[in-house]
Amino acid sequence: MKPFSEEFVTKVKEVFTDYDASHLVDAGWSAYQQKHVAQNKSRALWLAMARVASVALLLSVGVGVTYFFVSRQNQSNNTVEVLGETQPTLTEGKPQTPNDKINPRLSKPVLAQDKEDTDLAITKTSKPQREVIKSISEPVAVASVTSRQHKNLVADSIQQDSTHIQHINSKTQVDTVSIVSLKEYDILIAGQPVEFETDKTPAADKKLSLYAGISGMIAKVEHLISDAPGVSVGFYAKQKLAQNISLQTGIAVCRQDYSFQPIGYSGSDYMGESLFTSLDQNNLESATSTDNRMEILSIEIPLNVVFTIRKTPKSHFYITTGASSLVFLDQKFSETVSYPYTTEFYNPQTGITQTEAHFKQFKAEDSYNAFSKVNLFGLFNLMVGYSFPLTQGSLVSVEPFLQLPITDITSNNINLSFGGISLKVQIR
Amino acid sequence: MVTSSENDLSLSDAEIVSGCIEGKQKFQEILYRRYFSYAMSIGIRYMANPDDAMELVNDGFLKVFTNLKKYNPSKPFKAWFAKIMVNTSIDYYRRNLRSNKTVHLDSDIEEKGAAPNVIAEINADDILQLFAQLPATYRYTFNLYEVEGYSHEEIAEMMKITTSTSRSNLSRAKQMLKELYKQQLNVQPFCHETL
């Protein structure tokens, strides 16, 4: 007599082989359609958002590039603007200096009364202009600071320097002076030589910054995860668009060369159709994936928007989001599966036919030529970054990142996503 | 709306599949209607509840329609379809892994007694009633091993458990089914029964 479990299993198989759920099929189909419509809507929404984002990014690039060239053109003109409020500090009754005659807008010397007013610096000036402004400012600054303590000396100094200024003016047309900060007056009081830093913009506040970066990442394909990291090396440019928003692009070479390990059941679309076309269906049913290998060399072109979320004098926290396009230079995929089969043989000694179980291995391989696949905005990028100064004028950025597939990527159309960390160093 | 007309019945699986690949909704509906009961027969064994089973089946169909291009027409469609349905149900299990806690048997259920006789009249509802009382881990292990024919190694990999846990789950599932069957379907035990 059969044990309960065997009999029960037989009954389960029998009952569910002829299981009839036709009375639920209409309800099922309606539910399916609703689900399908909802999913299509969501997919269409994502697609539309991706398209809008792409257009917005491209427009931003256009605007950014135009702005960059226009601003460079403006810099090359010999015009500078007075941004700081200026106050005349020369003592009453003193004769007007020849400065007044040089330029009506400079008729009142750019001088300071107190600490706040001395927070000035000269920016946005070309090199020759800086020289000129420095020449003008130095004697005036001397006059300003010392006017409180040595009024007579000031008057003498100004008169002596006026000849010098007139001489400069005859050589170069200086209309206005852009003045933002002049802390150097304090140094001057202490008897130190004045050094006007005309380009003291913090590294993170530069309009256009260039970075070199290296990234390490792990990859995931459905229920498979890479057993070694991939590497990416590239150069990136960041253009500031607004106070806390920048546009980032670049070019990177990515190398992925590793095996995948299952983190769940081994069913995946990793090999596309290769296994389905190569392996017998019955064998595929019982096959177990033993080795999945991927070798990819690609060029990645990211287009990201950087949102600064917290800025301190020494560090920045930011979130970067955008999309990356991929151009594949080399792609190789392979998957080895093993599947069981049985053989029967007759044992003449015992007179019994015995069954033996064996395993067979099958390896499917796909390889593709260079440029055989381009995934335009195929990956969605999300990074959280922290940057801090490395040297004066340069920064180091540490960016943990996630790259999620917007579309299936590579020639095998696999749902490949990446996660890792990126280290970037500002080189300009 | 398409109904199962003679025309639909005369269409082969390959014809329906190629129609689905072309994105024709009519063919999708024919395929859905043709394989719905079969899909439910798989789904309901794992979910043990018609509503959840239908949700699972619809998710499975969505996967089927999305991946039909990968189906090799020279191979039997039903086996490919079944594999996708089983994988979908395992996805469900894995998604709800935290809530699918292993339940230890009560001492009275663990008690080994004479096994009941499986009456010939047992129907699908009776079986589902028993399945519904099994912890998901036991129910999945039982179905994967006994009905689908997976090995304990494969089940262990799918369910993220060890092989020995899979064996133990199966043994407990059988014990529990036997006890539940005996208690709830009020069957007279018979002697010399082994598990």
Side-chain angles (χ1 to χ4, degrees), chain A residues 1-36 39-40 222-223 262-269 271-289 340 357 413, chain B residues 29 32-33 36-42 44-45 50 53-55 57-59 61-62 65 67 69-72 74-76 79-80 82-84 87 90-91 94 115-118 120 122-124 127 142-143 146-147 149-151 153-154 157-160 174 177-178 181 190 192-195:
Chain A
M1 189 168 287
K2 278 185 180 177
F4 168 82
S5 61
E6 262 184 47
E7 205 169 336
F8 185 77
V9 168
T10 312
K11 197 71 194 170
V12 169
K13 284 179 182 171
E14 185 189 309
V15 164
F16 286 98
T17 303
D18 301 323
Y19 187 74
D20 183 18
S22 54
H23 61 288
L24 292 172
V25 71
D26 288 331
W29 177 244
S30 309
Y32 172 77
Q33 278 183 312
Q34 281 174 9
K35 195 177 193 118
H36 188 55
Q39 202 185 44
N40 277 353
E222 296 178 13
H223 299 285
I263 50 172
Y265 73 90
S266 53
S268 82
D269 294 335
M271 285 301 293
E273 293 180 28
S274 302
L275 277 179
F276 287 94
T277 51
S278 314
L279 201 57
D280 177 69
Q281 183 72 29
N282 295 327
N283 291 335
L284 185 60
E285 289 299 309
S286 54
T288 309
S289 184
N413 290 321
Chain B
E29 188 175 350
Y32 186 94
R33 289 175 180 280
F36 179 78
S37 287
Y38 181 59
M40 280 296 280
S41 76
I42 297 170
I44 206 155
R45 278 190 285 113
M54 193 181 285
E55 198 184 329
V57 162
N58 283 343
D59 279 350
F61 267 108
L62 208 59
F65 291 134
N67 294 293
K69 285 178 189 169
K70 294 173 185 169
Y71 163 66
N72 181 359
S74 65
K75 308 289 185 312
W80 183 79
K83 190 172 173 69
I84 288 188
N87 284 348
I90 289 164
D91 280 343
R94 288 169 53 78
N117 187 9
V118 180
I122 188 171
N123 59 26
I127 293 170
F142 180 85
N143 277 303
E146 294 291 359
V147 186
Y150 284 97
S151 67
E153 286 74 20
E154 289 167 322
E157 194 184 325
M158 288 174 187
M159 296 176 67
K160 283 189 157 184
K174 285 176 179 176
L177 281 169
K178 186 176 75 178
Y181 183 83
F190 61 95
H192 311 298
E193 186 67 63
T194 54
L195 186 68

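Chain letters run A, B, ... following the sequence lines, proteins first, then strands; residues in each count from 1. The structure displayed is predicted, hence computed values, not measured ones.
Heavy-atom distances place the side chain of B:Ile44, and not its backbone, under 4.5 Å from chain A. B:Met40 touches chain A through backbone and side chain together, each having a heavy atom under 4.5 Å away. In this structure, the portions of B:Glu55 lying under 4.5 Å from any heavy atom of chain A include both its backbone and its side chain.
Using a 4.5 Å cut-off on side-chain heavy atoms (C-beta onward), A:Lys35 and B:Asp59 make contact. Side-chain atoms of B:Trp80 and B:Lys75, non-hydrogen and from C-beta on, never get closer than 4.5 Å to each other.
Aromatic rings from B:Phe36 and A:Tyr32 are positioned such that their centres are separated by 6.0 Å or more.
Ring planes of B:Phe61 and B:Tyr32: tilted class, angle from 30 to 60°.
Of the listed residues A:Leu24, A:Thr17, A:Asp18, the one with more heavy-atom pairs under 4.5 angstrom with chain B than any other is A:Leu24.
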